[in-house]
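Order of the sequence lines sets the chain letters (A, B, ...), proteins ahead of strands, with each chain counted from 1. Note that this is a predicted model, so its numbers are computed, not measured.
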2 protein chains.
Amino acid sequence: MTLDAVAREAGVSLATASRALNGTTRVRDDLRSRVRAAADLLGYIPNAHAQALASSDGNRTVGLICHDVSDPYFAGIASGVMRAAAEQDLLVMLASTFREPAREIAYVSMLRAQRARAILLIGSGFQDRAWERGMDAELDPYVRAGGRVAVVSRHRSLRVDTVQPENRAGAAELAKALVALGHREFAVLTGPPELTTVADRLAGFREGLAQAGISLDRVVRGAFTREGGHLAARRLLASGGPRPTCVFAVTDVMAVGALAALREAGVRVPEDMSLAGFDDIPVVRELSPPLTTVALPLTEMGERVIALALRTPSGAGRSRVVRIDGEVVLRGSTGRPPHGS
Amino acid sequence: MTLDAVAREAGVSLATASRALNGTTRVRDDLRSRVRAAADLLGYIPNAHAQALASSDGNRTVGLICHDVSDPYFAGIASGVMRAAAEQDLLVMLASTFREPAREIAYVSMLRAQRARAILLIGSGFQDRAWERGMDAELDPYVRAGGRVAVVSRHRSLRVDTVQPENRAGAAELAKALVALGHREFAVLTGPPELTTVADRLAGFREGLAQAGISLDRVVRGAFTREGGHLAARRLLASGGPRPTCVFAVTDVMAVGALAALREAGVRVPEDMSLAGFDDIPVVRELSPPLTTVALPLTEMGERVIALALRTPSGAGRSRVVRIDGEVVLRGSTGRPPHGS
DNA sequence: ACCTTACCAGAAAGCGCTTTCTGAAAGCGC
DNA sequence: GCGCTTTCAGAAAGCGCTTTCTGGTAAGGT
């Protein structure tokens, strides 16, 4: 069904039919209702491609690039994006990179081809020369051509609007809270260091400890997944030397894996060892003990990032930053350190 | 940057430039590389809308409609869909209905307008007259026009391809396994009865019990969320009468809430009461005790449903069904019933 | 040397819309 | 009643591509 057919059915011109349905200009009421009736009768569905091609203001879609929708952190943010998009009748094109930088760049290119109104990058931020160059090469012309880009996470080089969780400050706060509980011996379970998020949280935690004159000498690296956390915790326990009294996993997802590993090794949490994470994904509240973490308002972050992207670009070309504070939430997984230690 | 500009830069015609980049017909090698070079130089990005409009075979997008991405059940399936889509260079347009039937219909309409190659409905299946009529009215012309539709869940009226978890059989199996543990007094925490999934699981559980000559007389209804499960469990405990020794929540998400409610009420699981769910979303393994449930291969279901949709429509117009078996997984949340009971 | 194939580049016709431009009809003041 | 503005419908020009169709050139057959 084309608009042409509708116009013919209604006995008006193509132009009138278009105007009647889109309501942009005044059309006589009787003609408008005749067109509407004809469209209903014929089951007319406009062709969004033709519309996008013909009209000046692009189409009603935004692109959302994340690592993996089944990761609760992204799912939380994505949910916020979707809700905001739904309110504005926007369709979201979702792309999962599965953590491959090359795929991320390819997706930006695809979204550019789709003339997405905005491109949102969630939890991106590889610290990788090739990725940065490629990403810049894609994003720069896009922005220059009026495309909007917004990112959740810090970006070293890209001059785009960002929603930035205060990873550094949050981790520092957490460290101080843990020190206040009496801990002195810490270990951190960290992720791929090329992600800015990881680097910031680790640095922040170090800072927080440093303020109490404590140095961090146990850092175990693992993949950014539950299994990564599990493995990292096992490696921590296996490595000799005095056991830390408190472990910080840089993401809740890793902390979940770590908790399982500790339990399997017979380490009681928090009696023998305290454990904390970061993000406050929904599941951590269900663990026993529930996890101490730094809470981030994930849904709100999603809403913020899409709002940021959709706002008209700032005149001076300065990139805007929305800072999101994390809140330390002490739960059952942390307690005072064991006496003997 | 338009193709026209690229063609001019390369000193060839528009048609040649198009053919050179898409590689559909033979083009002399030197011309092809000249076009490629020109496209690179100018940073040419094709306009997907123009392509879709001009070419016969639509565009490279599929639509995915689900209730909420932040629900782990959908996230698991969506992850499978995304992975399969990525392999075929398809972009996924995701729409969250937040459980509003009207929104679901509106999204189908939007996806039709976008000329999505396929429309996937996950966990849909309202049993609601108005919804069915509206959905049919959208889907029918779409399919007739060559659009593909596939659904996860059973559909009463819609003649579309479906991926169907064996909800009924799975719940029946679960019931038998629980009876085998010694339980005789059951309660079910159920969701909105207009969802076929709920109806099937409840019916299946009843059947399984019936085979052991046990009747189910405690059914508490709640929302299809963690909070719904929490509230339903609280209501169950509050209602007088003898307590059941075993509770089945029709989804794991509800079971998670129920477990929290039981714990808050001082009911030990499984010593005082056993608890089981359905779906095997990742989180249930992390609970203590880990949840007994009926495992569904969520990622695989996602891959199946998109594969189903993308296959050419079956000649006879018969709708295909892929049945997915659930597997009962007994974990720590279920045990023998308490003695005194 | 001539005619037939084969191959491939270019011209041009759309795809289904939006939007400007043009013009007819109607309303207004004098 | 005449020329003015105002209102609104229709004609037509694209938007940026793909894809026929046409035609020119080189290769192959006799």
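- Judged by a 6.0 Å distance limit and a 45° cone about the ring axis, R83(B) is positioned over the six-membered ring of F98(A).
- For DNA chain D, the neighbouring residues in residues 42-55 of chain A, judged by any heavy atom under 4.0 Å, are L53(A), A54(A).
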Give the table of side-chain donor-acceptor pairs shorter than 3.5 Å for residues 2-11 of chain B, with sequence neighbours excluded, one pair per line with atom names and distance.
| unit_1 | atom_1 | unit_2 | atom_2 | d |
| --- | --- | --- | --- | --- |
| T2(B) | OG1 | D4(B) | N | 3.4 |
| T2(B) | OG1 | A5(B) | N | 3.3 |
| D4(B) | OD2 | R8(B) | NH1 | 3.1 |
| D4(B) | OD2 | R8(B) | NH2 | 3.4 |

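- Each ring-ring contact (aromatic ring centres under 6.0 Å, His included) pair with one or both residues in residues 18-52 of chain A, not counting sequence neighbours, appears once here: H49(A)-H49(B).
- Looking at heavy atoms from C-beta onward, I119(B) lies out of side-chain contact with R148(B) at the 4.5 angstrom threshold.
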Pairs under 3.5 angstrom, nitrogen or oxygen only, protein versus nucleotides 7-9 of chain C, please.
| unit_1 | atom_1 | unit_2 | atom_2 | d |
| --- | --- | --- | --- | --- |
| dA9(C) | OP1 | R28(B) | N | 3.0 |

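- Between the OG1 atom of T299(B) and the CD1 atom of I77(B) there is a distance of 9.0 Å, given to the nearest 0.5 Å.
- For the atom pair OH (Y142(A)) and CZ (R115(A)), the distance works out to 9.5 Å, reported to the nearest 0.5 Å.
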Next on the checklist: Run the side-chain hydrogen bond (donor to acceptor under 3.5 Å, both in side chains) test on S153(B) and T197(B) for me, step by step, so that the C-alpha distance in whole Å, both residues' side-chain angles and the decisive distance to 0.1 Å come before the verdict.
Outcome noted: CA-CA 7 Å; S153(B) 271; T197(B) 301; 3.2 Å; yes
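- Think of the region where chain B sits on DNA chain D: with heavy atoms and a 4.0 Å cut, that region ends 5' and 3' at dG16(D) to dT20(D).
- Nucleic acid contact class of S18(A) (heavy atoms, under 4.0 Å, all strands): base.
- How far CZ of R99(B) is from NE2 of H67(B): 4.5 Å, rounded to the nearest 0.5 Å.
- Between atom CG of residue L111(B) and atom CG of residue L91(A) there is a gap of 5.0 Å, rounded to the nearest 0.5 Å.
- Ion pairing of R144(A) with D140(A) is present here, as a side-chain N (NZ or NE/NH1/NH2) and a carboxylate O approach within less than 4.0 Å.
- The nearest heavy atom of DNA chain C to L3(A) and to T25(A) marks one nucleotide each, and the one closer to the 5' end goes with L3(A).
- Secondary-structure stems of DNA chain C, taken as three or more successive Watson-Crick or G-U wobble pairs (i with j, i+1 with j-1) under a 3.5 Å distance threshold, comprise C:1-30 with D:1-30.
- Between S319(B) and T162(B) the shortest side-chain heavy-atom distance does not fall below 4.5 Å.
- Considering only heavy atoms from C-beta on, R34(A) comes within 4.5 Å of V12(A) through its side chain.
- Taking the nucleotide of DNA chain C with the nearest heavy atom to each of L14(B) and D4(A), the more 5' of the two is matched to L14(B).
- A donor-acceptor contact shorter than 3.5 Å is absent between the side chain of R19(B) and the backbone of R32(B).
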